[in-house]
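Scroll down for the structure; my scribbles are underneath it.
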2 protein chains.
Amino acid sequence: MVTIKDVAKLADVSIATVSRVINGYAHVRPEVRDAVNKAIDSLGYRRNGLASSFRTQQSNIVGVLLRQQRTPFSSALAYAIETTMFDQGYRVLLCSTNGDADREQAYLETMLDMRVQGIIIRPSATTARTVKQVATLRERGVSVAFVDMKPKIASISSVVCDNFSGGYQGMRHLIELGHRKIGVVAGGIAQRGGSQDVGSERVRGIRQAAHDLADDVEIVFSHPFDTASFEVGREAGQAMITGNPDITAIFGTTDMLAIGVMHAAHALGLDLPRDLSILGYDGVLESAVTFPTLSTIAQPIHEMGQIAAMTLIDHMREASKSPRQVVLENTLVQRASTIPLET
Amino acid sequence: MVTIKDVAKLADVSIATVSRVINGYAHVRPEVRDAVNKAIDSLGYRRNGLASSFRTQQSNIVGVLLRQQRTPFSSALAYAIETTMFDQGYRVLLCSTNGDADREQAYLETMLDMRVQGIIIRPSATTARTVKQVATLRERGVSVAFVDMKPKIASISSVVCDNFSGGYQGMRHLIELGHRKIGVVAGGIAQRGGSQDVGSERVRGIRQAAHDLADDVEIVFSHPFDTASFEVGREAGQAMITGNPDITAIFGTTDMLAIGVMHAAHALGLDLPRDLSILGYDGVLESAVTFPTLSTIAQPIHEMGQIAAMTLIDHMREASKSPRQVVLENTLVQRASTIPLET
DNA sequence: TCTTGTTTTGAAAACGTTTACAAGATAGCG
DNA sequence: CGCTATCTTGTAAACGTTTTCAAAACAAGA
């Protein structure tokens, strides 16, 4: 393996000079610089990243800790973060904890061991524990940013969507279409803990909209305290439709949930969207692919990832940077699954 | 930051002994071991991963280079690889090149700089270039494994599915259902290059099955030389259905392609699956979620990832291990979108 | 020419660990 | 008790880079 020493010898300079050339420092005579570069090329020298990271005690790696990885939302988020980081010269150590607290712990330790400069976390259920660990992280000089969950500690930067407003918008959409008896399938709330969590916020927005916008709205809630998956949506949807045949619209607080509802409706022989309007939440790719295509409250997932990445980068480059809490707006994407109530 | 020296001082031993304890070497007296461990705990010492990686010139990081990241297939694969690696004590540097050769190059260099022990690659279009780079990698002692593409160099391990057999199975399924005029939407072939690529293999299997199993089968091909996306499938499907109204089944060589076809069929007012059977390929989550649910040739994606990971680990642990080419079987998952031809 | 200031360069230390080597301690054996 | 073999421990070098410090070279001003 060719080292900086070999380059120095060939170019007939000291290793310090080679280092200066490599790192683009000033105060190197142009002809020396050229000679060094020539030596580097001819030897095929590559800087030993391990050595330089060791010496400077920092790698250009940032950790990204997601609680899932296979879901459309998570992978879109991961992609956004990764590309942004790449463009800024950082590399990403991607870790999916899959809700396992031990894994989360193990990954955080690995990250610490590797002296990552910063970490982006989409916290899982065990938030309390995570937050405590985050405190430890910051003591060690690691920058931290949360995504998709506002931390209780105000000193941590975060990027979230306004889920209250999203829920509100969605409900308003259904009400404006004339629906008055509306089902809400709100999954995955309990396990996310806290009252400030994503799912509860959406439900809060839904209630508020119903309260604000019409006197005669009736909401039927279904709270499958489970993951917000397709199967859960189907089961909840089936129960809801059979139990409340007069419902004219169902709002799933997750696209996958809504798609599950859609399947239940199909299976029960309903003609969509004529017999039942269905609204989703997230705006993942899959929502564009259902039949009928799913109207949904879209989250700016890519933007979330980008902003989270840039926020973290700001903190890493300038430790004194004060934390910022970014809140992004969700927007209604109207497709084919929601139509005006036929009278 | 507390170092091994501090621990040594507190435990009143040499740093060599501490190192031995940390790394679990033999020849340390139990009481000394305990004392060191106690010192470690009381100081909150954590081994500096950067330093030890530097010293040993290897990190426990493996690189995973995928050409995409947002697709269901890729994220399922990434997840499988990552969890397997984690369980084996390795950490994953995940990189999505997004088909960009420069990015691929940049990532490979980063990986080299970080002295990753091994790399798993799902090669992109620029295979020739990649293969050349891989040669360089191996000179530098980095183990390499391919996934989802059999490399031309026999010395590289790989894990692929038998796409020929998959295509064959799919076609047989449709023929056995009585279909005789069958459309095939085969996307994303050209850009993968080579004749040995995934898409072409599937088409080969399809042709062979038609040839073997019935004299009177007519196949209509559509080759959108583009990514195998939903939109492409929809456009190709629309053209195919309107151009060949007597087709009774369509085989998409990718689930997303097939789902696109399904949408085209819906849009044209066809009643699925009565008017048209549709078959997909991949078995991604989304295929279970369409309406009607999509019959598909399912790939054992998780298994592919697992085996790729374990293969790479074998190579890393024992460099002399001879390469192995694993070929996995695809299996037909029959759902609602394919039914017998009504006569 | 001498002084002063600036630019350019090299020598050497340092980062925190692992590990080769040697030495000290202990045990086993005759 | 003395010798050897084995176990346990410490010393010190090494890994490849960055960076401090100081010296050398040069330029400019007097």
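A, B, ... follow the sequence lines: proteins, then strands. Residue 1 opens every chain. Just the heavy atoms: all of them, side chains too, but no hydrogens, waters or symmetry mates, feed the values below.
Screening residues 109-121 of chain B for salt bridge (Lys or Arg N to Asp or Glu O under 4.0 Å) gives A:Arg46-B:Glu109, A:Arg46-B:Asp113 as the qualifying pairs, with residues at least two apart or on separate chains. Counting only residues at least two apart or in different chains, salt bridge (Lys or Arg N to Asp or Glu O under 4.0 Å) contacts with residues 76-89 of chain A comprise A:Glu82-B:Arg103, A:Asp87-B:Arg103. Sequence neighbours left out, not one pair with a member in residues 6-22 of chain B passes salt bridge (Lys or Arg N to Asp or Glu O under 4.0 Å).
As a whole-Å value, the separation of B:Glu31 CD from C:dT26 C1' is 13 Å. Summarising the geometry, the separation between CD1 on B:Ile4 and P on D:dT11 is reported as 14 Å, rounded to the nearest angstrom. We find that NE2 of B:His27 is positioned 18 Å from P of C:dA25, with the value rounded to whole Å. Distance A:Lys5 NZ to D:dT18 P: 14 Å, rounded to the nearest Å. Here D:dT17 presents its C1' atom at 13 Å from CG of B:Asp113, a figure rounded to the nearest Å. Rounded to an integer number of Å, the gap from CZ of B:Arg115 to P of D:dC15 is 14 Å. For A:Met1 and D:dC15, the CE to C1' distance is 14 Å, given to the nearest whole Å. Whole-Å rounding puts the A:Asp34 CG to C:dT8 P distance at 14 Å.
Applying the side chain to side chain contact (heavy atoms under 4.5 Å, CB included) criterion to B:Ile4, with sequence neighbours excluded, gives B:Ile15, B:Val18, B:Ser19, B:Ile22, B:Tyr45. For A:Arg317, there are no salt bridge (Lys or Arg N to Asp or Glu O under 4.0 Å) partners, not counting sequence neighbours. Considering only residues two or more places apart in sequence or on other chains, B:Arg29 meets the salt bridge (Lys or Arg N to Asp or Glu O under 4.0 Å) condition with B:Glu31. Not a single side-chain hydrogen bond (donor to acceptor under 3.5 Å, both in side chains) links A:Ser53 to another residue, sequence neighbours left out. By the side chain to side chain contact (heavy atoms under 4.5 Å, CB included) test, B:Ala39 pairs with B:Val7, B:Leu10, B:Ala11, sequence neighbours left out.
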Using a 4.0 Å heavy-atom cut-off, write out nucleotides 23-28 of chain D from 5' to 3' as B (base contacted by protein), S (sugar-phosphate only) or - (no contact). ------
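Using modelled atom types, one finds no donor on one side chain facing an acceptor on the other under 3.5 Å when comparing A:Arg67 with A:Thr97. Inspection of the B:Asp148 and B:Gln299 side chains reveals no N or O donor paired with an N or O acceptor under 3.5 Å.
Ring orientation note: the planes of B:Phe54 and A:Phe54 are close to parallel, at an angle under 30° on the 30°/60° scale.
Using modelled atom types, one side-chain atom of B:Gln325 and one backbone atom of B:Ile156 make a donor-acceptor pair closer than 3.5 Å. In this structure a side-chain-to-backbone donor-acceptor pair under 3.5 Å is missing from A:Thr17 to A:Val13. A donor-acceptor pair is defined here as one N or O able to donate and one able to accept, closer than 3.5 Å; no such pair exists between the side chain of B:Gln117 and the backbone of B:Val142.
Of the residues in residues 44-58 of chain B, those with a non-hydrogen atom less than 4.0 angstrom from any atom of DNA chain D are B:Phe54, B:Arg55. Listed by residue number, B:Ser14, B:Ala16, B:Thr17, B:Arg20 are the residues of residues 14-21 of chain B with a heavy-atom contact under 4.0 Å to DNA chain D.
Rounded to 10°, the helix from C:dT1-D:dA30 to C:dG30-D:dC1 has 40° between the axis fitted to its first five pairs and the one fitted to its last five.
For B:Tyr25, no side-chain nitrogen or oxygen approaches OP1 or OP2 of D:dT8 to under 4.0 Å.
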